[in-house]
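Everything below concerns the one structure shown next.
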Amino acid sequence: MMGPAHSLSGAAAWLGVGAAAAAAGHTMPWPVLVVGALITAGAALAPDLDHKSATISRAFGPVSKALCEIVDKLSYAVYKATKGPGDPRRTGGHRTLTHTWLWAVLIGGAASVAAITGGRWAVLAILFVHLVLAVEGLLWRAARVSSDVLVWLLGATSAWILAGVLDQPGNGSSWLFEAPGQEYLWLGLPIVLGALVHDIGDALTVSGCPILWPIPLGRKRWYPLGPPKAMRFRAGSWVELKVLMPAFMILGGVGAAAALNVI
Ligand SMILES: [Zn+2]
């Protein structure tokens, strides 16, 4: 899928988590619902850091460009080192290491650890990165015509404001993990979810996605998971734009209403 569909499906998934949390008695304060949806929307672009023309690789200027090159090389090296007898030869790292469940768990875990050990600046940094990505994903047309610096300013100011809102008592910094010292531990959850939703979105396209790595399936360790061929579509096709994206919007709306106990 393309960036906007990834971001929309990410946001919808978090709103669905909000509905499930409300049903389970852990109702999210509204700032957790909103900030979590934005983080998931941003995190749902992150796995494509292994592709130089992806939104995330262009979103932070030379920093993300350099990071993209490192991630592509690392992914390719890991692919070569771990490929099974049935895995095909490849020439690059796109849709390998960063498109697995293990990567999702590792970056989400790293974000949670950073949030509880790094204090306010770590929280602000996590929010900034994901809010910039959320703007790029959800407001793609507006972000494309505006300058990078404006998008960064928008990300920085909204990170500052939203962290201030979450910090208010009862507003969500201690949602789900309530013990002292565990504030913002939940920040890793939307990051894991965003990456997994991205992988599932890619699995629906023609080439599939090796989500299960390093668990082998048959002779392949990088098995490209996906539905039967007839149910797959090309990235950016009409199915994505006219069917999936409106569906994500409706599901997200229903999820949000249930999460806030409106329905
Ligand atoms: Zn991808």
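Both counts, for ligands and for their atoms, begin at 1 and track the order of listing. Index from 1, following the sequence.
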For M28, the option from L176, V35, V17, L260 that meets side chain to side chain contact (heavy atoms under 4.5 Å, CB included):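 Running side chain to side chain contact (heavy atoms under 4.5 Å, CB included) over L176, V35, V17, L260 with M28 returns exactly one hit, V17.
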If you measure from the Lys or Arg side-chain nitrogens to the Asp or Glu carboxylate oxygens, is any gap between R58 and D148 under 4.0 Å? no
Is R221 salt-bridged to D87, cutoff N-O under 4.0 Å?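 No.
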Can you check the number of protein N/O/S atoms within less than 2.8 Å of the Zn ion (ligand 1)? 4
Is it the case that T100 and W222 place a side-chain donor and acceptor less than 3.5 Å from each other? no
Report yes or no: do H51 and D72 form a side-chain donor-acceptor pair below 3.5 Å? no
For T91, give me all partners under side-chain hydrogen bond (donor to acceptor under 3.5 Å, both in side chains), at least two apart in sequence or on another chain. none
